[in-house]
Structures are given as C-alpha cells and as structure tokens.
Amino acid sequence: MNSSTSSSDSAPVDRSAWRRGVLVGILIVLLIGEVGARVLEPGFGHNGDWPSNETFVKHEQMQTLGPVDTVYVGSSLIAFGIDSQIASNATGETHYNAGLSAAVLETWDIWLREFVVPKISPDRVVLGLGHTELNGFDDENVQRFLDAPAISQALEPTDLRRVEEAVQEVSTLFEYRRQLRDVRDLGRAILQPEFPDFWGSAGERQDDFSQVEIIEGRRQFEADPSEERVAGLRNLIGWLDSKGIDVVLVLMPTADGLLDLGADELAATTLAAIAESTGSVFVDGRGLASDPSLFFDGAHLGPTGQDVFTEGLLAALVDT
Amino acid sequence: MVFNSLQYAAFLPVVWLVYRSLASARHQNLWLLLASYVFYGWWDWRFLGLIVLSTVVDYALGRAMQDRSRSKRMRLLAVSIAVNLGVLAVFKYLGFFVDSAVDALVAMGFEPNRPLLRIVLPVGISFYTFQTLSYSFDVARGDLEAEHDPITFATYVAFFPQLVAGPIERASRLLPQLQSARPPVASHAIGSGCRLILLGLFKKVALADAVAPVVNETFAQPAGTIATAIGVFAFSLQIYGDFSGYTDIARGTARLFGIELVQNFRQPYLSRNITEFWRTWHISLSDWLHSYLYIPLGGNRNSPRATYRNLMITMLLGGLWHGASWTFVVWGALHGLYLSLDRLRGRVEPRGARRPVRFSEFPAVLGTFLTVTLTWIFFRADTFSEAVDVFAGLFSGGGGWLPEDLILVGLVAAQLLVIDLLGRGQPWLCRPLAHPVVRGLAYGIAGLSVVIWSGGGGGEFIYFQF
C-alpha cells in the first residue's frame, strides 16, 4: 500500500498481469466481506439506520398492519407495560403497542404524526405518561431521533440517501456497515447468531423481560410539569382530535417505594386538567398495578405486571 | 472542505480533470489558485481575506527585498514578521494573552474586569502563516529569488492540498515546481497518488476516527487505571492516524497535479529516542523551527548551556504554535526537556535514511512511545485540571474498562504498526506485498474499511484547529 514498498513501480513486470492480480485480491476481500456480512446478518437486528431496533421493528410491522382500533404510545413505560396482544384478544379489536423505549414526549409527537397515524390510522390513541414525563424538555432526544438516517430520509428524502438505500438492497455488507464498525454489535452478532425477537406482532414486548437492564440517566422522582411539555401535549391532542382520533391520557403506575409520598399527585391533576380542557379521557393508572412485585425495577412493569395492568386498563377503557 | 467528505470527493475529480486540459504554467496555477480559494472559502469565505492579506504583503515585501542591501532586506523581513505574527497574535493568541494577564492580576490581588473576546480562529492559520514567513526569511537571507509572478506566489501560499494542515512547504521546494508547466501526470504517478489518498483515508476514517469515542470518553471522565490507560493510548494512535492520514491525502492529491510535497512523517512511533521522534514527527514543522528559530538563536554553535536554552525556547514556542493554551506550553517544555536529556546522554544520531527496526531495539522504541504517549495528555487536555484528572485516573487503580474498547484500540494499534513497519521496509512484511493478489487484498481491506467507517461521526482533522 505504501508507495515506498511497491515493487510494481520499478520492477519489470507484466502490467496487465499485475493489475489482474490486484483486482483478484480486491474481489476476494469484497466477496469475503459480503459473505461474512450475510452470515452474521440474522444477529444484527436492524441495519443501524434507525434510532433503535424497536423503532425499526415497529415501523416494519406498521407497514403491513393496516388500520387499527387502538394504538398505545409512550416511552418504555408503555413499551413494557401494555400487552396489546391480550388487549386484541380480549376485545376482538386490533390493538397495537407503538411505545418507544427511551423516547420523550417531543419524540412521540413526531413518531405519532409522521409514522403511526399515517400508517395504521388508529381510531383511538392511548398516551401513557409516567409521573415525571411532563417534566422538562429534551430536544436532544428529538434530535437523535431525527438524525437517524432512516428517519431523516422518511421526513426529508434526498437523492444521495436513495442511492445509499439502493446499494443497501444489493449489498448486505454495505447495509450493515454501522454494526460492523461497532465492536459490541459485531461481537454480539458473532456470539449470538440470532437477534432476540423481543416484539410480538402487535408490538407487545413478548420475551421474559423481568431482568432487563434499564439504562437511565439521572432519575427525577418528583412531578414538575413544564410549560413546554404541557403545551406540546395539548397541541398533540388537538392535532389528533382534528384527525377524528379519540385520545386517552393514562398516568402510568410506579411502585410506591420509588415515589415521595404524593409526589405524583401533581402529574395526575395536570393530566386530568388537560383531558378536561381538550375533551379527551383521563385514566389514573396508578391503582391498576399497585403491588411493588409487579415492577422489575420500580418503574417498569414486569411480565406479570404487564398482564395485570393491561387487563385493568381495558376495563377502565370500557367504562369510559 | 475536508478531505473525508463527499464534497471533496466531487471537488477533486473536477479540479483534476480541468487541470489536465491546461498546458501552460500560468493557466495551471490560475486554476489551482481558484480551486484553492473555493476549497478554503468552503468553511467561511471571510477567512479568505487573511490569506489574501498575507499573500499580498509577502509578495510585495519579497519583491521589495530583491536587489536591496542586507540591512534593508532585514528591515523588510521585520515588517513581514510583524504582519504575519500580528495576524496570528490577534486571531489565535489575543484571548490567551488577555486571559493570562487577567489571571496574573487576580493572583496579585487585583480585581480586573475580564473582557469577553469572541474571535473566530481561521482554519489552518498557523500553517499558511509559517509557510509565507519561510518565503520572506529565505528571500531576506538571499537563499531564494523573489517570485515575480503574483499568481504563482498566491498558488504557493494557498495550494489547497496542504493549505490547512501542512506539510509546511519551504518556498525553495514548492515554488520551483509551480514556476514551470507540469507535464501530464504519468499513470504510475496517478496510481501512487491514489494509493496515498487511500492510505490517508484509511488512517483517518478507519483508524483515527474509530478510537475517537474512546478518547473523548476518557478525557471527559477518566475512570480507573486500565480504562484511562486505554483512552490515553488511544489518543496516541488517534493523533498519529489523523495527522499522518491528512498528510498522506495531501501528498497523494498534490502528486495527482504533478507536485511533490515533503514527507511529514516517517514512522515516528518506531523511534528509539525523542530526538529521533522529532526527526520523524511533523517533519516540516521541525525543519521550520530548526531553520528559522533554533539556528538563528545560535543552535548548538555556542556553549552547551546555550544549546539547551535554545532547545527549550524552540520547543516552548513550538508548543505554543499548536495552540493558545498553557497545556501546549507544558507539552512543548517537556519535549524540550527530553531533547536536552537526549543531548546530554549523547543520543544525537546523524540525520539519515531510515532502517528497519531491530528486535533488540524494541525496548527503546517502547520507552520512547510511552514517554510520547504520556506527554500527549497535556496536548489533548483542554485545561490543566483536565490533564491532572487524566493523570489521577491513570494512578487511581481499578478497572472500569470495557473489553470492546481494548479490542478496538488493540486492532487499530496493530494496523498502524503494520503500516509503519511496511513504511520502514521491514522485509518479512514487505516481501508478501510484492505479490499483486496480496497487494489487492490490502487495497480491498483499506477501501472497504473506509466505506464502512465513513459517516461514523469522526469529523474534522485534529490539526485543523492549529
């Protein structure tokens, strides 16, 4: 590679034979790379163009799902908390869990407006919020979502990205290049040939997630709704309403030990007030799963808690 | 515009194809000058004003020096130094000097108001300022004829492959290449230029950028001994891959236009002592400091004490050249100290051709590398306290390290080592590469790595900030 080590420039060799040899070497590398990527492909999950594997899987599912009756949107509290398959079976309707782990309200807003509603046209949207999820404002979370190549292409298509996607169609090596440059992803694909199938066909978390490690930043335990978030939620409800979609606001449950006594009350009164002023429905979910053993980390429901809460919420929705 | 961007991937072929159709030196230079201004103006067209100012001043002063007496030439040289270093002082060092003065006053018990200076640092200002200064020095000393053609001179100052991060080309080397028309570049030169570009991209995109997150994390929050050591080691690799990668791309690009730039790196991490390191790391800057600072100060012509003083001054200013911060001054001072120690211990070998490293020399190579690597901490840290934190992390005990970081950094180190051993002509590595298929495998791996790592968020080259 280094010119000083090249014998090709000075030695009296057959140039065309030399070029053929070099070309063969390059083709061998490409071939081995492509075959290797195809072998590892099942272990990679999504192709890295998405903000998360969950976003990719749910986007793919929504492409073929068709109109649904009820969709659940929120953060990991919803993603872990609702078994939409149980809800569908119990009601005979189509329920879908579109919750995105690690997403904040500003991000669900884009997710709902640009992806969920256009793709699966729900009659009803259930927005689940934890008692601190009206606090603050996180435009970095939104930016990370928007910066993901697949999201930015969906929102603002470019020819360059189209070319990139066309190359991805023919080359697995190119498609999974983001995973290939991440030692952790690559190592996992080598050691664990099948990427775990976390999500069922209704977007519900279907594995045994009772021991899932939730990586979070600094936790805020007290409800302190911000003006931006409250205004954003009102705006989102208004938009959904303009599309003829019913909105249900749910205050998600957490284990008692996680809360200062009464700290979540402000979230309940705020959500109730928003529901009242926007004509939407408010469900206080705190009483639907109050046993601490139903949570695997105090904030997220475990598999049993998911069943208990889903059934409780369905009953509450019938009442509304 | 950066080398590792799609804009440059489109820019270079267009510039090259038009250039190939031009036969006269004047047309070739005019086209290169236009391309260079577009290349530089891509960051911010307002920065072009400084390059034009520097070009006009040094061209006019050079012409004025021609056929004048030595004393008049020296006076004109003083004007050139004042203008060029004045621009550098305002745009690069004013904030640093003001902050340092305020800090000193505060330390003495005064309570001065701290002025808020927001001066944007134009990309590569230190490089082109030193390049134009070298021209003024050479003309003033009578080593070089002043350039008559303003287009040729402007092209020398702004030649885009080396404009923003060197190599710092001496006028006596680059100007003659620009004065006559370059014939169509031979296919083997095109091939070797492309190989250098590929090698440079590989070093930058697939090696330096790959370890950048590990480095950033370490210097932002040093963890245990092992984690910090991995991060510090990673920075040593990152800065070498980044800067030598830039130089390779610059040299490869210039070669496509029939112009040879100086070799800026000669496997510096295979050096057996610090003196050898400075003869192989950022060679064009070392040469500049040697010719225009160390030698005028007296070099080693006087007493040993004066020699050590000259070494320290040269390295202190060399450190300050890199950045307006006391951390760079300390970094330069430490290297001045190491060089003095080398001289004291008689480790000053004559400059000469490089030879393969013997197995018995590896302890010395390793010791030099570790010394350089630990000293990089001052170079990379934004502040003294950050540097202290990193040193504290190194001696904090404990782990806190991620195996994947170690694997990544180890792989990058192995690849850089192979590249350097090849560059040093290590026979057991070079022999297989003489086979075309093996050569093809190397090109394939490098090209594929660049594609895979492109878009990894590595960003600009580190040396752009200087």
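Since the model is a prediction, treat every value here as computed from it, not as a measurement. Letters go in sequence order (proteins before strands), and every chain restarts at 1.
More than 12 heavy atoms of other residues, nucleotides or ligands shown are found within 6.0 angstrom of CD on A/Glu228. By the neighbour-count criterion of 12 heavy atoms within 6.0 Å, atom CD of A/Glu60 is densely surrounded, having more than that number from other residues, nucleotides or ligands.
Both the backbone and the side chain of B/Ile445 come within less than 4.5 Å of a heavy atom of chain A. Contacts between B/Leu408 and chain A at a heavy-atom distance below 4.5 Å involve backbone atoms as well as side-chain atoms. Neither the backbone nor the side chain of B/Leu411 comes within less than 4.5 Å of any heavy atom of chain A. For A/Tyr176, no part sits under 4.5 Å from any heavy atom of chain B, backbone or side chain. Of the atoms belonging to A/Leu160, it is side-chain heavy atoms, and not backbone ones, that fall under 4.5 Å from chain B.
The contact list for residues 29-46 of chain A toward chain B, using heavy atoms and a distance under 4.5 Å, reads A/Val29, A/Leu30 by residue number.
Shortest non-hydrogen contact noted between A/Trp18 and B/Pro436 is O-CB, 3.4 Å. Residues A/Val22 and B/Tyr443 come closest through the heavy atom pair CG1-CD1, 3.6 Å.
Side-chain atoms of B/Ile452 and A/Leu173, non-hydrogen and from C-beta on, do get closer than 4.5 Å to each other.
With hydrogens and angles disregarded, no donor-acceptor distance shorter than 3.5 Å links the side chain of A/Arg181 to the backbone of B/Ala206.
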Test B/Leu448 against A/Ile26 for side-chain contact (heavy atoms from CB on, under 4.5 Å), laying out the working first.
CA-CA 9 Å; B/Leu448 204 56; A/Ile26 293 172; over 6 Å; no

